[in-house]
Amino acid sequence: MLSVQNVSFKYGRFSPQVLKGVDLQLEAGEIGILLGKNGSGKTTLFKNILGIHAPSQGEITFDGEDLLKLSKRERAKRIAYVPQDIHFGALTVFDSVLLGRISHFGMKAGEEDYKAVEKLLEDMGLKEYALRNVEELSGGERQKIAIARAMAQEPKLMVFDEPTGNLDIANEQLIMEEARKLAKEKNIAILSSLHDLNQALEFGDKFFFLRDGAVKYAGGREIITPEVIRDIFDIDVKIIQVDGKKVMLPVT
Ligand code: ADP
């Protein structure tokens, strides 16, 4: 379980406090969606969880281990990061994914690593792409490779920063379905930011709404109400049920 407790952070001594006592808990196999306006601190929180920044106060643990005390390599075995738009350089798909295993193999990849990558490409329907140059693929395909690379780390937690930001609707759906498969089949915890509230409603198990540097609302779908959305985003929405699912509509 990921546990973020009372985490505060600011970028410089004289900068404003960006995170002010953030609390968040996410279990294995759950998809947690982080929501908040631009500038509310989502990426900053991710970077604290990933160990890119160290909180000035608070604790971040995973399965009881203090993430901040782990070496980079040990952390990479537990947490993988999927950024919004990844540029791999002129590598083949196979090598791009193999790089995800660097925290396992260190200097030189072995038979086990090659086998693991082959299996991953097969599982994710990417086998026929293995020898393609990753820079020549579409945004959606590249995003899938980024997930495959993160998976190659064999992490217990995956952090997605706006994973569908640059994608068309079909690829958006595909990436989020891939994320759901990982969470449910491999029991991985996934923490993701998402812009699209309806996509969040469809794929999230837990929701964390950031405001003023803290998680103001946390819980399951039931916490998502027009009042909460107004408080966080300053917009009016209507929530209706379609085929038993909650759907949000803007009110104009
Ligand atoms: P979000 O991901 O929710 O859009 P960010 O975490 O990127 O929000 O930003 C939160 C706040 O921190 C913003 O006010 C932003 O200006 C500030 N910030 C982000 N990165 C830096 C940085 N490298 N140096 C100083 N301030 C930063």
Side-chain angles (χ1 to χ4, degrees), residues 2-26 30-62 67-68 72 75 79-87 139 142-143 146-147 150 155 157-167 172 175-176 179 189-219 223-225 227-237 248 250:
L2 171 70
S3 174
V4 175
Q5 289 159 61
N6 198 24
V7 162
S8 296
F9 176 83
K10 57 181 178 176
Y11 280 94
R13 242 172 94 198
F14 304 106
S15 314
Q17 201 79 31
V18 176
L19 304 178
K20 301 176 199 162
V22 171
D23 287 305
L24 175 161
Q25 251 116 46
L26 190 66
E30 279 184 340
I31 298 186
I33 311 283
L34 191 59
L35 296 145
K37 277 186 175 173
N38 287 335
S40 60
K42 299 181 293 294
T43 305
T44 305
L45 177 59
F46 289 154
K47 288 185 174 167
N48 275 261
I49 292 170
L50 293 161
I52 298 167
H53 298 314
S56 54
Q57 174 198 302
E59 263 196 357
I60 304 177
T61 60
F62 192 80
L67 281 179
L68 305 170
K72 253 186 166 166
R75 206 163 37 225
I79 312 182
Y81 180 44
V82 182
Q84 192 169 352
D85 191 16
I86 186 165
H87 286 280
R142 271 215 311 276
Q143 196 69 350
I147 295 179
L157 168 69
M158 288 176 82
V159 176
F160 286 60
D161 198 352
E162 294 288 350
T164 60
N166 299 320
L167 305 180
E172 239 177 59
I175 293 302
M176 289 314 294
I190 294 182
L191 183 62
S192 177
S193 55
L194 278 181
H195 268 313
D196 186 326
L197 293 170
N198 281 313
Q199 208 175 40
L201 265 171
E202 182 170 357
F203 289 99
D205 298 307
K206 278 230 183 109
F207 304 87
F208 306 98
F209 288 92
L210 263 187
R211 209 188 113 156
D212 298 329
V215 173
K216 191 158 179 200
Y217 305 98
I223 67 155
I224 302 182
T225 61
E227 291 72 30
V228 167
I229 301 300
R230 188 177 320 118
D231 189 28
I232 296 293
F233 294 105
D234 294 321
I235 56 162
D236 287 316
V237 296
M248 226 176 289

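Just so you know, ligand 1 is whichever comes first in the structure, and atom 1 is the first atom listed for that ligand.
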Thr44 heavy atoms, cut-off 4.0 Å: which ligand 1 atoms fall inside?
5 (P), 6 (O), 9 (O), 10 (C)

Sidechain-backbone polar pair: Lys10 side chain, Arg13 backbone, donor-acceptor under 3.5 Å
yes

Closest protein heavy atom (residue, atom, distance) for atom 10 (C) of ligand 1:
Gly39 O, 3.3 Å

What's the shortest distance from atom 8 (O) of ligand 1 to any protein heavy atom, and which residue and atom give it?
Gly41 N, 3.2 Å

Give the numbers and elements of all ligand 1 atoms closer than 4.0 Å to a heavy atom of Asn38.
4 (O)

Is atom 5 (P) of ligand 1 close to the protein, meaning a heavy atom under 4.0 Å from it?
yes

Are the side chain of Asn6 and the backbone of Gly58 linked by a donor-acceptor contact shorter than 3.5 Å?
no

If we number the atoms of ligand 1 from 1 as shown, the ones under 4.0 Å from a heavy atom of Lys37 are 3 (O)

Measure the distance from atom 17 (C) of ligand 1 to every protein heavy atom, then report the residue, atom name and distance (to 0.1 Å) of the closest one.
Tyr11 CE1, 4.0 Å

Quick one: which ligand 1 atoms are inside 4.0 Å of a heavy atom on Lys42?
1 (P), 2 (O), 3 (O), 4 (O), 6 (O), 8 (O)

Look at atom 2 (O) of ligand 1 and find which of Val18, Thr43, Asp161 reaches it with the closest heavy atom.
Thr43

On a heavy-atom basis, the closest approach of Ser8 and Gly21 is OG-N, 3.0 Å

So which heavy atom on Gly41 is nearest to which on Leu210, and how close?
C-CD1, 3.7 Å

Between Thr61 and Glu59, is the side-chain hydrogen bond (donor to acceptor under 3.5 Å, both in side chains) condition met? List the steps.
CA-CA 6 Å; Thr61 60; Glu59 263 196 357; 5.4 Å; no

Could you tell me if the side chain of Asp23 sits less than 4.5 Å from the side chain of Val215, heavy atoms only?
no

Can you tell me if Lys47 has a non-hydrogen atom under 4.0 Å from ligand 1?
no

Plane angle bin for Tyr11 and His53 - parallel if under 30°, tilted between 30 and 60°, otherwise perpendicular:
perpendicular

For atom 15 (C) of ligand 1, is the nearest protein heavy atom closer than 4.0 Å?
no

Do side-chain atoms of Gln143 reach the backbone of Pro163 as a donor and acceptor pair under 3.5 angstrom?
yes

